[in-house]
Amino acid sequence: MEPFQTGAFLTAGVLIVAGFWAIIMMDNLLKKVIGANFVGDGVNLVLIGIGYKPGGLIPEVTPHFHASAIPSTFSHFLAFNEFAELASYPLPFALVLTNIVIGASTLSVMLALSVVLYHKYQTLSVQKIFEAMEED
Amino acid sequence: MLDKIYEIFHDRMIHKGKGVGVGSGFTSEFLMISFFLIAGILVLRTANSILFALGSILILAAILFTVPSVFRVEKENTDSINLTSFYVAISIVTILIVFFAGSGVLI
Amino acid sequence: MFDYILLFVVALSAIMAIVQENLYKSIVILGFESFSLAAIYHFLLATDVAATQAILGSALIPGLFIVTLYKTTKGRDE
Amino acid sequence: MFNSTLIPLMVVFPLIAAILVNFLHKKDRSVKTIAIISSIVAVVIPILTLYGVHLFSGHIRTESFPEMSKLLIPDVYMGIVYAYGPLQKILLVLLTIMTVFVIFLSLNKKLISGVYIAMIFISLASVSAIILADDFFNFFVFIEVLTVAQAALVIAVRETKSHKAAFKYMIFGSISGGSILLGIALLLGVYGLLNMTDLSNAIKAGGALQPIALTAISLITIGWLYESGLFPFHVVKSNMYENAMPEVAALLQLQSKVVLVAMSIALLRIFSGYSLLKSVMLGFAIFTVVVGSVMALQQTDLRKLLSFVAVGQAGLVAMGIGLGTSFSISAGIFHAINDVLSMAILFFVAGFIFEAYKTTKVDKIGDALQKIPLVGLVMFLATLAISGVPPFNSYQSELRIIQSAVQAGYAELGVLVILLSVATFVAIIKAFYLIFMRPGSTAEIDPKFKGTMYKTIIVVLIAMCLFIGLFPHVIYDPIYNVIVALGV
């Protein structure tokens, strides 16, 4: 494996562990939400790292590639097979785009809920909100 | 012995209002103890190792000494987010250990 | 070399954002982390993801966090 | 016309309905019309559709090349695939019929708005997609959408308790969503595939699992625990049921049981040769059964009691699936269907009582049998049904679960199932006695409330329970054939 890829996976591990730590251990509501954001970021980084190919082409940038490349006129273009061998693997990128959007929407719902809970209890501490006596 | 248990249950149940009687406390206690017995028998029967068997007998004895175990279960299952987080962490670790050790990767 | 430094920055800022006491600072660090992550996506040859992450992660999400923080503590220290 | 091209319509149609209803927010009459028409159409679509496989954008199976599949299985699917068979048909018809009932009950509330109905439609669409999808990432996306939609349905109650429940649900949802996606990412890294059928073939061809694949299994199992509301997450799930409106709670327990069935089958299909997974499922299921029924015995609020009973019954379903023989898996799925019906009756009764008395505390209400005799009778029958008394449906499935436990060599679990049904019966019949027969009520019944819709629906549902109990083979045989054909 390429060293940069290994580094990306290690960083993703740090992000995921830090996020889980924040979700499970932290007392502040916003810290928990920040932790959820970090978990999402770390998973995205793992997915992107899977698709990486060292020194490869960017699959979305088309000038490298033409389906019917003719050497005389389009000498700088590649045929599809050649392009597919050189480019990085684009499937995880599509997954990550979806996941970023889902993560942002979940995050906004959680933030809205924490505002509502703050207005009720006048605190952001999980201990105080969830251990408070229930009044009917 | 039985009077004492009845009194323990009565004292604990009295503040929960009319809805919960001593009978449901006894039913759930019976369910808990039979669950631990069943789990012990299962482990004894399926695991062939002496260590497992001894360990399960010890845990069983320890549980049978703390008879009103229902209240403990109830205390551990409140709406609190912290206790749930704790059990989630424990379960994640348990699942990882079981899968890795059971497939012979760790040991 | 720059890409490795970015990886280190992301890992460090994630930990700092979580151990930070002041919520404003931790949100600023969160935005910084998201932007560095977008740069890493660029080095990992995922330019479209990098653009999305740069917009969402370093503008929208910290903005939402700042609004939430303003609505909750209203300048009071906690 | 009635062919398998209708398959994606089961997901797309509720989504379109949701968007329409969402735009018509606050125009109550048109919201009602559109909701009723589109929910009935949503029932008709799965009945009319023929069995088959839908390939999105026409990507057929093609030869693999090294970039795609790192194990070189002969051919792979290139696009997203939806598969529709007898099991999917049963689950989808159940899901859509129950959604129609819930929408009919919700339409007469003051709470009603376009967005609320839209969330019900979105959750219907995502559960349909979870049932149909043969693609792991599509599965994950709709699980996340389902989490947000369910949380929104609970938030709409606008009480602090429901806000707390929804926040807890979403926080743990981010743990489970991250776990599932990380598991999918690791599987994608090892095998280069997302399609479940191909993944299963590739894992079979690959021999023993590597540590990375083991990590992936563990992470996806954590997600499975959350989605089905088993042991560490049972408090979160029961809190959701308790704080939603009771009829929406019926919908939520239906959805989580259907997701439990769909996700278990997906897991068992992908890691079919891996027996440790079944043991882990079984262990967590047994724990959930015991904790759920013990907690149900301690409650004084009818809604809270029913939510813990629902969690315990989900554990029973997972126990059937975790035993791992084809007999026990089909018995578990059959029990999921039966249990959803009888649990829904109980939740609708709770909804009726909540509407009539404005509370569900069992020690405040009393003497209700003279005022609402029909509801009392149906609740008694539903209690018999859920605790497995012979003419009703749960008897058939619990008997099958006990038989399969004995056949699999775990006779003790049969004893545990009997104990669970006794505990369930005690818990619910106690609430029934206190509400309907105990003299002296402190809460007053609302004289204006008629609840004709509630009464009609619970009578229809108890008739369905009785029908399945008398003719179990209509439902059970297709399930058993599917499970045997899957060979899990």
Side-chain angles (χ1 to χ4, degrees), chain A residues 3-5 7-8 10-15 17-19 21-22 25-26 28-31 33-35 37-38 41-42 44-45 47-49 51-61 87-88 90 92-94 96-97 100-101 103-104 107-108 111-112 114-115 117-119 122-125, chain C residues 1-24 26-27 29-31 33-34 36-38 40-57 59-74 76 78:
Chain A
F4 185 52
Q5 209 174 0
L10 286 178
T11 314
V14 171
L15 279 174
V17 170
W21 176 268
M25 296 293 178
M26 284 283 164
N28 195 306
L29 284 183
L30 288 186
K31 283 281 174 67
V33 182
I34 289 176
N37 191 21
F38 281 152
D41 278 352
N44 289 346
L45 192 51
L47 272 168
I48 296 281
Y52 177 59
K53 186 180 285 178
L57 301 174
I58 300 172
E60 286 85 11
V61 182
S88 58
F93 301 171
V96 168
L97 278 179
I100 287 176
V101 176
L107 203 75
S108 42
L111 288 176
S114 50
V115 171
L117 285 177
Y118 179 83
H119 280 298
Q122 298 298 320
T123 177
L124 279 177
S125 160
Chain C
M1 195 59 221
F2 184 56
D3 38 5
Y4 288 94
I5 294 172
L6 273 177
L7 285 178
F8 185 70
V9 163
V10 166
L12 196 69
S13 53
I15 293 169
M16 270 174 70
I18 282 172
V19 298
Q20 183 65 249
E21 291 282 317
N22 190 331
L23 282 174
Y24 276 108
S26 103
I27 289 166
I29 297 172
L30 172 77
E33 182 261 1
S34 287
S36 319
L37 203 62
I40 289 176
Y41 289 164
H42 177 78
F43 284 114
L44 285 170
L45 305 178
T47 42
D48 50 344
V49 184
T52 318
Q53 173 77 17
I55 295 165
L56 269 175
L60 187 73
I61 289 174
L64 280 174
F65 267 107
I66 292 287
V67 170
T68 313
L69 200 57
Y70 180 73
K71 286 228 169 209
T72 52
T73 55
K74 292 226 173 75
R76 272 193 286 128
E78 262 202 275

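Heavy atoms only: backbone and side chains are in, while hydrogens, waters and symmetry mates are out. Order of the sequence lines fixes the chain letters, A, B, ..., with proteins taken first and strands second; residue numbering starts at 1 for each chain.
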> Using only atom types and a distance under 3.5 Å, with no angle test, would you say the side chain of Tyr52(A) pairs donor to acceptor with the backbone of Leu45(C)?
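Here the side-chain-to-backbone pair does not exist.
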> With sequence neighbours excluded, tell me which residues meet ring-ring contact (aromatic ring centres under 6.0 Å, His included) with Phe8(C).
none
> If you count heavy-atom pairs under 4.5 Å between each of Ile15(C), Leu30(C), Asp3(C) and chain A, which one has the most?
Asp3(C)
> Measure Phe38(A) against the heavy atoms of chain C and call it side chain, backbone, both or neither at under 4.5 Å.
side chain
> Side chain from CB out, backbone as N, CA, C, O: work out which of these in Leu111(A) comes under 4.5 Å of a heavy atom of chain C, or both, or neither.
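Contact with chain C is through both the backbone and side chain of Leu111(A).
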> Need one label for Val17(A): side chain, backbone, both or neither, based on atoms under 4.5 Å from any heavy atom in chain C.
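Looking at Val17(A), nothing touches chain C.
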> Which heavy atom in Phe93(A) sits nearest to a heavy atom in Leu44(C), and how many Å separate them?
CZ-O, 4.2 Å
> Under a 4.5 Å heavy-atom cut-off, does chain C meet the side chain of Asn44(A), its backbone, both or neither?
both
> Hey, what do you get for OG1 (Thr11(A)) to CG (Leu37(C)), rounding to the nearest 0.5 Å?
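Going from OG1 on Thr11(A) over to CG on Leu37(C), the span is 9.0 Å.
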> What's the separation between atom OH in Tyr118(A) and atom CG in Leu69(C), rounded to the nearest 0.5 Å?
9.5 Å
> How far does OG1 of Thr72(C) sit from CG of Leu29(A), to the nearest 0.5 angstrom?
9.0 Å
> Could you check if a side-chain atom of Val14(A) sits within less than 4.5 angstrom of a side-chain atom of Leu12(C), using non-hydrogen atoms only?
no
> Calculate, to the nearest 0.5 Å, the distance between atoms CD1 and CZ belonging to Ile34(A) and Phe65(C) respectively.
5.0 Å
> With a 4.5 angstrom heavy-atom cut-off, is it the side chain or the backbone of Val115(A) that approaches chain C, or both, or neither?
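Its backbone and side chain both get close to chain C.
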> If you take all heavy atoms of Tyr4(C) and Phe4(A), which pair is closest and at what distance?
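Closest heavy-atom pair between Tyr4(C) and Phe4(A): OH-N, 3.1 Å.
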> When you look at Leu64(C) and Leu107(A), which way does the side chain to side chain contact (heavy atoms under 4.5 Å, CB included) test go after all the steps?
CA-CA 9 Å; Leu64(C) 280 174; Leu107(A) 203 75; 5.7 Å; no
> Just verifying a value: how many Å separate Ile18(C) CD1 and Lys31(A) NZ, rounded to the nearest 0.5 Å?
8.0 Å
> Within this structure, what is the CG-CD1 distance for the pair Asn37(A) and Ile61(C), rounded to the nearest 0.5 Å?
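Answer for the CG-CD1 pair, Asn37(A) versus Ile61(C), is 5.0 Å.
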> Around Met16(C), counting heavy atoms of other residues, nucleotides and ligands shown, do more than 12 lie under 6.0 Å from its CE?
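Incorrect, the count does not exceed 12.
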> Considering non-hydrogen atoms only, spot the tightest contact between Leu7(C) and Gly7(A) and give its length.
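In this case the closest contact between Leu7(C) and Gly7(A) is CD1-C, 3.5 Å.
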> What part of Pro3(A) gets within 4.5 angstrom of chain C, counting heavy atoms only: side chain, backbone, both, or neither?
both
> Taking every heavy-atom pair that is under 4.5 Å apart, which of Val101(A), Asp41(A), Leu117(A), Leu45(A) has the most such pairs with chain C?
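Ranked by contacts with chain C, first place is Asp41(A).
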> In a check of side chain to side chain contact (heavy atoms under 4.5 Å, CB included) between Gln53(C) and each of Leu97(A), Ile48(A), Ile100(A), which one passes?
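Going through Leu97(A), Ile48(A), Ile100(A) one by one, the side chain to side chain contact (heavy atoms under 4.5 Å, CB included) with Gln53(C) is satisfied by Ile100(A) alone.
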